[in-house]
Amino acid sequence: MVKLDARHVALNLGSEPKEDAIRRVGQMLVDLGHVDAPYVDSMLEREASTTTYIGNGIAIPHGMPDSVQYIRTSGVVVAQYPDGVDFGGEKARLVIGIAGKGEEHMELLSQIATVCMDESNVERLVQASSVDEIVQILERVS
Amino acid sequence: MAMAQREIELKNPSGLHARPASLFVAEANKFQSEIFLEAKGKRINAKSILGLLSLAIGQGTVIKIEAEGDDAEQAVAALCDLVASGFGE
């Protein structure tokens with residue numbers, strides 16, 4: 001299940017290249033102890049192989065399947081980009097870094113997708129001005 | 001309006017996670033038909049990665065692929081081939 005606190009959320013970031021955005025959310029996962037540093041390289045590798053942009057202004061960078069060894073505990077971090085980050089011609093306004101161990105990977109994807117299928121939820125996430133709002137919207141679904 | 005549907009079991013070990021979901025949607029978007037995927041009692045638009053991911057379809061799950069449109073038969077056949085291939089995993 002998605003479990004967030006203030007350290008898992010970065011609000012109102014200026015637009016930047018997608019590699020920088022991926023390094024940013026990757027570093028948040030590292031700093032929070034969810035993953036070891038090589039996981040971030042794997043996130044960049046994954047993005048280069050197939051984009052993690054999944055529609056509705058959402059990208060969900062995560063490592064390649066063989067990078068699960070670098071995940072210590074499952075975790076999700078959220079970076080909010082009001083002006084978007086260019087993911088191969090698509091504009092991601094939320095970049096959600098994911099580290100999911102085993103079954104938890106699919107559960108996290110499902111939870112995030114269930115919230116973000118509803119464009120009004122995405123709009124609220126993009127406009128949220130406090131961590132609490134982000135947490136409430138993303139954690140509500142179970 | 002032509003319609004087609006088929007059930008198929010998902011074989012790839014890690015289930016329908018982000019990469020196979022993206023491949024599935026890219027294939028579905030090659031067809032003009034409306035395409036739906038049904039699994040675990042839910043029915044979603046098969047041209048939406050978010051929709052597919054929301055279902056968290058694991059290995060061994062039987063999914064139903066339905067298409068409505070002039071190229072419905074071809075769409076269902078192509079998508080079933082992709083699922084049967086295990087998405088190259």
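Lettering of chains follows the sequences in order, A, B, ..., and the numbering in each one begins at 1.
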(message) Same cluster or not: A/L13 versus A/M43, using hydrophobic residues (I, L, V, M, F, W, Y) connected whenever any side-chain heavy atoms lie under 4.5 Å apart?
(response) yes
(request) Might you confirm whether atom CD of B/Q32 has over 12 heavy atoms from other residues, nucleotides or ligands at distances under 6.0 Å? (result) no
(request) Can you measure from CE (A/M106) to CG (B/L55) and round to the nearest 0.5 angstrom? (result) 9.0 Å
(message) Between A/I60 and chain B, with a heavy-atom cut-off of 4.5 Å, which part of the residue counts as in contact: side chain, backbone, both or neither?
(response) side chain
(message) Tell me if the NZ atom of B/K11 is crowded by more than 12 foreign heavy atoms within 6.0 Å.
(response) no
(request) Name all residues meeting the salt bridge (charged side-chain N to carboxylate O under 4.0 Å, His left out) criterion together with B/K47; count only those two or more places apart in sequence or in a different chain, and write none if there are none. (result) none
(message) With a 6.0 Å cut-off (strictly less than), is the heavy-atom count around CD of A/E119, excluding the residue itself, greater than 12?
(response) no
(request) First locate atom CG of B/L52, then atom OG of A/S110, and finally report the distance between them rounded to the nearest 0.5 Å. (result) 11.5 Å
(message) With heavy-atom distances below 4.5 Å as the criterion, would you say the side chains of B/L53 and A/T114 are in contact?
(response) no
(request) Find the distance between CD1 (A/I54) and OG (B/S54) and round it off to the nearest 0.5 Å. (result) 10.0 Å
(request) Using a cut-off of 6.0 Å, state whether more than 12 heavy atoms not belonging to B/K40 lie near its atom NZ. (result) yes
(message) Counting only heavy atoms not in A/D20 (residues, nucleotides, ligands), do more than 12 fall under 6.0 Å from its CG?
(response) yes
(message) Other residues, nucleotides and ligands only: do more than 12 of their heavy atoms fall within 6.0 Å of NZ on A/K101?
(response) yes
(message) Just to be sure I understand the criterion: a residue of residues 15-30 of chain B counts if one of its heavy atoms is under 4.5 Å from a heavy atom of chain A. Which ones qualify?
(response) B/G15, B/L16, B/H17, B/A18, B/R19, B/S22
(message) To the closest 0.5 Å, what do you measure between CG (A/N56) and CD1 (B/I49)?
(response) 10.5 Å
(message) Which atoms of A/T52 are under 4.5 Å from chain B, going by heavy atoms: the side chain, the backbone, both sets, or neither?
(response) neither
(message) With a 6.0 Å cut-off (strictly less than), is the heavy-atom count around CD of B/E73, excluding the residue itself, greater than 12?
(response) no
